[in-house]
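Working notes for the structure below.
By convention here, the first residue in the shown sequence is residue 1. Only this structure's heavy atoms are used, side chains among them; waters, hydrogens and symmetry mates stay out. Just so you know, ligand 1 is whichever comes first in the structure, and atom 1 is the first atom listed for that ligand.
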Amino acid sequence: MPAHAAPPPPPAAVTAGVPTPTSFLWGAATSAHQTEGNNVGSDLWALEVRPDSPLSEPSGDACDSYHRWPEDLDIVRDLGLNAYRFGIEWARIEPAPGRVSQAALGHYRRVIDGCLERGITPVVTLHHFTSPAWFRASGGWTAPGGVEAFARYVRAVRPILDGVTWACTINEPNMLAMVAARVGGADPDLVAGALPPPDQSLAEALIRAHHAACGELADVGGLRTGWTVANQTFQALPGAEEATREWAWSREDQFLDAARHDDFIGVQAYTRVVIGPDGPVAPDPTTRRTQTGWEFYPEALEAAVRHTAARIPTPILVTENGIATDNDDERREYLHHALAGLGRALADGVDVRGYLHWSLLDNYEWGSWHATFGLTAVDRRTFRRVVKPSAHWYGRLARARRLPGA
Ligand code: BGC
């Protein structure tokens, strides 16, 4: 790992920088499978525990957030954040086709109430990579009745969304479709490297499922509905502009276009992909990388919100952005640059409604526990949470409601 630049100093009294509107969400994000633990009815759990599993580690108890969510919400509040994105798990709500668990609905309603009681705006995700094992076994999204099954689940969740103002239907449909293409529609190997173009029939089924879910939620008073897209910041080398446009359409832009009439679009950005005439160009071996092997490129966030705004008129919520690192100074450095870029976009009039950092917790990174994205460390045996200095640094910006100046 190359030497890091000195991290930016803590903003003791934050008076400079770009002010954000009072309604701006300053928050952190998680997903159900990555934090709750024992998501035994899900397709990914089935893959994790298979004797020949391609995944190096199982999720197991994860962060035990299914039980420790009040502690997680206290951390969000105590940091001075005003928003929390978390997942509702389909496999828990509908453990068998058509069988809705009232107990699971009650659980998630308590989490929503827990947010509201603490003055935290809940941002709810209805599908974050995992589906019930029965759904996959019956052919998933592209099978007859697949889209309707998702709509039925969303219908089951609708009664508990009272007072919720932000709902994400499907997280990163583009990643889901690309990963499925890579493994021929079989088991999801979410520890993805270079990804093929998405399985187009799956992409279209996901778009139909998203629109069906938006329809189901249309009459929930005050609720904004959208989906979240993995923005990959495709950058063309000279001469590769057309190739990059094609590359980006199938892997990203068609999913943005499908959100044109939504209440918001979730932008998720971590790094960039440079495209030459023959496709992606591997970064130079000396390039600074993060624990996931991705290029350290905090400028991705600004590029992603600008790309999204140039493509569709939909208001933007940054639903994920962060870095996998075991060096918390490096997290702060990344965050400083990413937020400064967001401030530039905001100052230029890009309609950004909030920023949710990935992640609140060091959690299960789809096959392993190695990559730590969290503002908070979690002891894997005791589940004790330890808030990192970068989280306090971020919290001070949130309290001051100011994005750092460049
Ligand atoms: C996903 C998260 C994941 C993060 C870091 C996003 O693609 O939505 O679940 O942990 O990136 O890899």
Side-chain angles (χ1 to χ4, degrees), residues 27-37 39 42-45 47-48 55-57 59 62-63 65 84-90 123-131 167-180 182 188-195 198 206 210 226-233 251-252 255-256 265-273 289-298 300-301 304 308 317-326 330-331 334-335 338 355-376 378:
T30 56
S31 83
H33 188 82
Q34 291 174 274
T35 61
E36 287 181 344
N39 186 17
S42 70
D43 53 356
L44 199 66
W45 179 277
L47 181 67
E48 290 166 19
L55 305 177
S56 59
E57 291 175 288
S59 54
C63 305
S65 290
Y84 182 54
R85 176 179 176 220
F86 65 93
I88 292 184
E89 186 62 40
W90 183 4
V123 179
V124 167
T125 307
L126 297 169
H127 186 280
H128 195 125
F129 291 158
T130 47
S131 298
C168 313
T169 59
I170 301 173
N171 180 71
E172 296 191 350
N174 51 337
M175 278 295 160
L176 268 182
M178 286 189 280
V179 168
R182 184 182 183 202
D189 174 1
L190 290 163
V191 194
L195 290 165
L206 290 168
H210 168 58
W227 69 356
T228 66
V229 172
N231 290 249
Q232 297 143 86
T233 309
R251 291 168 176 81
E252 179 173 315
F255 299 91
L256 295 178
I265 175 73
V267 166
Q268 315 205 146
Y270 292 89
T271 187
R272 67 172 167 182
V273 179
R289 291 171 190 258
T290 68
Q291 278 176 325
T292 42
W294 304 342
E295 181 180 351
F296 177 95
Y297 192 69
L301 181 61
T308 303
L317 178 63
V318 176
T319 39
E320 287 185 27
N321 168 250
I323 176 174
T325 179
D326 58 6
E330 186 180 33
R331 185 179 334 282
Y334 179 96
L335 190 48
Y355 173 88
L356 308 176
H357 187 77
W358 186 269
S359 176
L360 178 69
L361 305 173
D362 284 344
N363 58 36
Y364 180 63
E365 181 58 17
W366 307 114
S368 117
W369 286 93
H370 168 68
T372 45
F373 280 91
L375 294 168
T376 304
V378 180

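Between the side chains of T271 and E295, not a single donor N or O lies within less than 3.5 Å of an accepting N or O. For the residue pair E320/Y270, the side-chain donor-acceptor check at 3.5 Å is satisfied.
Ligand 1 has no nitrogen or oxygen under 3.5 angstrom from a nitrogen or oxygen of W294. Not one N or O of N363 is nearer than 3.5 Å to an N or O of ligand 1, by distance alone.
When only non-hydrogen protein atoms are considered, atom 6 (C) of ligand 1 lies nearest to E320 OE1, 3.0 Å. For atom 4 (C) of ligand 1, the nearest protein heavy atom (residue, atom name, distance) is Y270 OH, 3.4 Å. For atom 12 (O) of ligand 1, the closest heavy atom belonging to the protein is E365 OE2, 2.4 Å. Looking from atom 7 (O) of ligand 1 to the surrounding protein, the closest heavy atom is E172 OE1, 2.6 Å.
Partners of T292 by side-chain contact (heavy atoms from CB on, under 4.5 Å), not counting sequence neighbours, listed by chain and number: T290, W294, A324, A371, F373.
Taking a 4.0 Å cut-off on heavy atoms, Y364 fails to register as neighbouring ligand 1. Taking a 4.0 Å cut-off on heavy atoms, M175 fails to register as neighbouring ligand 1.
With rounding to the nearest 0.5 angstrom, the CD atom of E57 is 8.5 Å from the CH2 atom of W369. Note that CZ of R272 is 15.0 Å distant from CG of L301, once rounded to the nearest 0.5 Å. Note that the CG atom of L176 and the CZ atom of F129 stand 6.0 Å from one another [nearest 0.5 Å].
Short contacts between ligand 1 and H128, defined as distances under 4.0 Å to a heavy atom of the residue, involve ligand atoms 1 (C), 2 (C), 8 (O), 9 (O). If you number the atoms of ligand 1 from 1 as listed, the ones under 4.0 Å from a heavy atom of Q268 come out as 8 (O).
Of the heavy atoms in N171, only side-chain atoms (C-beta onward) come closer than 4.0 Å to ligand 1.
Taking the six-membered ring for Trp and the full ring otherwise, the centers of H33 and W45 sit at least 6.0 Å from each other.
Aromatic ring orientation, Y334 versus F296: perpendicular (interplanar angle above 60°, classes split at 30° and 60°).
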